[in-house]
Student: 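Please read through the structure below; I'll follow up with questions.
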Amino acid sequence: MKFNTKTIHGGQHEIDPAYGSVMPPIYQTSTYSQTTPGGHKGHQYARSSNPTRSALEASLAALEDGNHAFAFGSGLAAIDAVLKLLKAGDEVIATNDLYGGTYRLFTQIFEKFGVKFHFVGMQHADKVASYINENTKLIWVETPTNPMLNIIDIKGIAAVAKANKVLLGVDNTFATPYLQQPLALGADIVMHSATKYLGGHSDVIMGALVVKDQELADRLYFIRNSSGAVPGPQDCFLVLRGIKTLHLRVQRHCENGRAVAEFLRSHPKIDKVYWPGFEDHPNHQVAKAQMKDFGGMMSFSTVDDSYQGAVNVVEKLKIFTLAESLGGVESLAGHPASMTHGSIPKAEREKTGIKDSLIRLSVGIEDAEDLIADLKQALA
Ligand code: P1T
């Protein structure tokens with residue numbers, strides 16, 4: 001089955017046995033009757049499993065070419081479950097340019113339990129290898145990175161991980177499985193904030209993990225069932241519905257992303273535009289090799305390079321909404337230093353280029369002309 005067919009049919013073999021409903025029903029129930037202890041029809045308690053969630057998970061596994069998928073109550077809950085594979089004394093090598101909440105989870109929750117993190121610029125796989133020792137258990141990659149749109153060579157890092165028997169997890173939130181499939185490039189775990197492009201309509205908070213390996217799947221199932229960060233059935237239904245148009249939406253996000261990035265780059269008040277589709281982006285060739293297109297996420301700074309300058313622009317936007325999050329049909333603008341990445345200390349933020357003047361855009365699927373006109377008036 002090819003990708004566009006998979007978004008609609010992937011994993012969806014079982015038509016509802018009760019009435020043949022084409023979409024899986026929302027099983028809004030916490031528990032299931034048993035005829036005798038253990039005598040049930042595949043589901044016993046909804047923390048362990050729920051038919052609506054199972055339908056979504058089958059779709060997610062198909063999209064990422066994995067064998068097992070797990071939905072969580074948020075993207076961070078999914079990452080939290082991966083970290084619970086580790087124990088005190090273990091070490092993690094993580095991308096240095098990460099979503100601020102991921103950085104906060106690593107440094108303010110898991111460091112306390114004795115897990116050690118190395119935050120590394122991963123544009124060169126060799127650099128990652130130099131941080132590996134006998135305690136290294138996980139490499140955590142985000143690509144494209146949030147918010148600097150750096151690109152990391154998944155295949156290159158996977159070779160380092162395999163050679164050293166270290167797990168490789170990839171946060172595929174920005175790319176989506178339409179643009180990039182980390183498991184096929186050698187990752188062990190792919191993670192999503194399904195809140196973003198998978199849901200696609202800014203109406204759900206959810207996370208997901210997809211893996212191929214049965215033993216890893218068993219461990220993640222155990223962690224989720226033991227810790228309990230599961231999403232509700234209504235949210236699973238909404239994400240499954242969102243996925244059915246993923247390919248169409250992401251195609252338009254990419255087209256509009258290109259138009260907006262090129263407009264910004266040609267504007268006299270703009271200093272830098274960070275978007276992997278530009279031929280002179282430092283890892284454009286890697287992006288071209290591992291992604292189908294370059295997406296609708298980008299960041300930029302203005303020539304006046306000030307906090308107030310950035311605030312003036314985002315406050316004047318009319319079609320772009322100033323808000324956290326990304327990946328919905330509507331265009332959003334954000335100020336990473338004070339919003340999504342505010343939990344990273346200023347000195348650390350600035351090392352990766354998250355200046356106070358940086359603005360991040362999630363380019364939606366409106367008409368590109370309207371989006372460009374909005375940016376033009378805000379910059380004027
Ligand atoms: O918000 P949640 O569903 O828990 O997902 C966390 C997360 C994980 N990984 C990446 C790459 C993310 O971008 C996020 C959430 N990001 C935002 C809310 C944001 O505006 O960047």
Side-chain angles (χ1 to χ4, degrees), residues 56 60 70-83 92 94-110 119 122 140-152 154 169-177 179-180 182 187 189-210 224 227 229-232 235-236 238-239 242 253 274 276 291 295-299 314 320-328 330-344 349 352 354 358-364:
L56 168 65
L60 290 166
F70 302 93
F72 288 84
S74 71
L76 284 179
I79 303 175
D80 176 87
V82 174
L83 270 287
V92 178
T95 309
N96 63 346
D97 174 26
L98 282 172
Y99 169 54
T102 307
Y103 179 87
R104 182 177 56 196
L105 176 67
F106 289 177
T107 56
Q108 294 191 45
I109 306 284
F110 281 97
F119 295 98
M122 294 187 169
W140 188 258
V141 168
E142 198 180 280
T143 183
T145 62
N146 180 359
M148 297 310 297
L149 282 302
N150 286 310
I151 299 292
I152 293 154
I154 299 173
V170 175
D171 184 333
N172 203 27
T173 299
F174 269 34
T176 83
L179 296 179
Q180 168 176 288
I189 303 172
V190 56
M191 174 265 157
H192 283 279
S193 168
T195 313
K196 317 302 182 201
Y197 290 99
L198 296 180
H201 296 75
S202 304
D203 49 12
V204 174
I205 296 284
M206 197 190 288
L209 298 176
V210 186
R224 185 184 58 176
S227 292
V230 294
D235 286 354
C236 293
L238 285 172
V239 172
H253 284 293
Y274 303 91
M291 297 171 73
M297 293 302 301
M298 67 196 63
S299 293
V314 294
F320 281 86
T321 303
L322 176 61
E324 309 245 354
S325 206
L326 59 111
E330 66 290 301
S331 291
L332 301 181
H335 182 250
S338 66
M339 295 168 70
T340 47
H341 294 71
S343 57
I344 303 177
R349 265 196 328 253
T352 57
I354 310 176
L358 194 79
I359 294 171
R360 189 189 74 183
L361 298 181
S362 170
V363 176

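Keep in mind the model is a prediction, meaning the values are calculated, not measured. One-based numbering, in listed order, for ligands and for the atoms of each.
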Student: So, does Gly101 sit close enough to ligand 1 that a heavy atom of it is under 4.0 Å from the ligand?
Tutor: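 Not so, Gly101 does not reach ligand 1.
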
Student: Which ligand 1 atoms are under 4.0 Å away from a heavy-atom of Met206?
Tutor: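 Atoms satisfying the 4.0 Å criterion: 3 (O).
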
Student: Do any nitrogen or oxygen atoms of Phe174 come within less than 3.5 Å of a nitrogen or oxygen of ligand 1?
Tutor: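 Looking only at distances, the answer is no, because the N/O contact criterion of under 3.5 Å is not met.
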
Student: Would you sort out whether Met339 and Leu322 count as a side chain to side chain contact (heavy atoms under 4.5 Å, CB included), showing the intermediate values?
Tutor: CA-CA 10 Å; Met339 295 168 70; Leu322 176 61; 3.9 Å; yes

Student: For Thr173 and Tyr197, which heavy atoms make the closest approach, and how far apart are they?
Tutor: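 Residues Thr173 and Tyr197, closest heavy atoms: O-CD1, 3.5 Å.
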
Student: Among all protein heavy atoms, pick out the one at the shortest distance from atom 7 (C) of ligand 1; state its residue, atom name and that distance to 0.1 Å.
Tutor: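 Sorting protein heavy atoms by distance from atom 7 (C) of ligand 1 puts Tyr99 CD2, 3.4 Å first.
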
Student: Near Leu326, which atoms of ligand 1 are under 4.0 Å from a heavy atom of that residue?
Tutor: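 Going through ligand 1 atom by atom, the ones under 4.0 Å from Leu326 are 13 (O), 19 (C), 21 (O).
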
Student: I'd like to check which ligand 1 atoms, numbered from 1 as shown, lie under 4.0 Å from a non-hydrogen atom of Asp171.
Tutor: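 This gives 8 (C), 9 (N), 10 (C), 11 (C) as the contact atoms.
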
Student: Considering heavy atoms of the protein only, find what lies nearest to atom 5 (O) of ligand 1 and give residue, atom and distance to 0.1 Å.
Tutor: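 Atom 5 (O) of ligand 1 sits closest to the protein heavy atom Ser193 OG, 3.0 Å.
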
Student: Could you tell me the separation between the OG1 atom of Thr102 and the CG atom of Asp80, rounded to the nearest 0.5 Å?
Tutor: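 Nearest 0.5 Å value for the OG1-CG distance: 11.0 Å.
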
Student: To the nearest 0.1 Å, how far is atom 3 (O) of ligand 1 from its closest protein heavy atom, and which atom is that?
Tutor: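 Result: Thr195 OG1, 2.7 Å.
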
Student: Minimum heavy-atom separation for Ala229 to Ala77, with atom names?
Tutor: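 Reported closest heavy-atom pair: CB-CB, 3.7 Å.
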
Student: Just need the protein heavy atom nearest to atom 19 (C) of ligand 1, so name the residue and atom and give the distance.
Tutor: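 The protein heavy atom lying closest is Thr340 CG2, 3.3 Å.
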
Student: Can you name the atoms of ligand 1, numbered from 1 with element, that are less than 4.0 Å from a heavy atom of Arg360?
Tutor: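 Answer for ligand 1: 19 (C), 20 (O), 21 (O).
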
Student: Of the backbone atoms (N, CA, C, O) and the side-chain heavy atoms from C-beta on, which set of Thr173 has a member under 4.0 Å from an atom of ligand 1: side chain, backbone, both, or neither?
Tutor: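 Side chain only.
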
Student: Considering all heavy atoms of both residues, which atom of Pro182 and which atom of Val190 are nearest to each other, and what is their separation?
Tutor: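 For Pro182 versus Val190, the nearest heavy atoms are CG-CG2, 3.8 Å.
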
Student: Mind checking whether Thr102 has an N or O less than 3.5 Å away from an N or O of ligand 1?
Tutor: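 No.
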
Student: When you check the side-chain N and O atoms of Thr321 and Glu330, is any donor under 3.5 Å from an acceptor?
Tutor: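 The answer is no; no qualifying pair exists.
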
Student: Just go through Gly75, Gly73, Gly327 and tell me whose heavy atom is the nearest to atom 2 (P) of ligand 1.
Tutor: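 Answer by nearest heavy atom: Gly75.
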
Student: From the options Ile205, Leu105, Asn146, select the one whose nearest heavy atom is closest to atom 13 (O) of ligand 1.
Tutor: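 When every heavy atom of Ile205, Leu105, Asn146 is considered, Asn146 comes closest to atom 13 (O) of ligand 1.
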
Student: How far is atom 18 (C) of ligand 1 from its nearest protein heavy atom, and which residue and atom name does that atom have?
Tutor: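 Nearest protein contact, heavy atoms only, for atom 18 (C) of ligand 1 is Lys196 NZ, 2.9 Å.
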
Student: Determine yes or no for a side-chain-to-main-chain donor-acceptor pair under 3.5 angstrom, with Thr145 supplying the side chain and Leu98 the backbone.
Tutor: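 Such a contact is absent between Thr145 side chain and Leu98 backbone.
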
Student: Between Asn172 (side chain) and Gln180 (backbone), is there a donor-acceptor pair under 3.5 Å?
Tutor: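 Yes, Asn172 side chain to Gln180 backbone: donor-acceptor pair under 3.5 Å.
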
Student: Provide the full list of side-chain hydrogen bond (donor to acceptor under 3.5 Å, both in side chains) pairs with a residue in residues 333-342, sequence neighbours left out, each pair given once.
Tutor: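 Of all non-adjacent pairs touching residues 333-342, those that pass side-chain hydrogen bond (donor to acceptor under 3.5 Å, both in side chains) are His335-Ser338.
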
Student: For the pair Ser74 (side chain) and Ile205 (backbone), establish whether a donor and an acceptor sit closer than 3.5 Å, ignoring hydrogens and angles.
Tutor: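 Between the backbone of Ile205 and the side chain of Ser74 there is no qualifying donor-acceptor contact (under 3.5 Å).
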
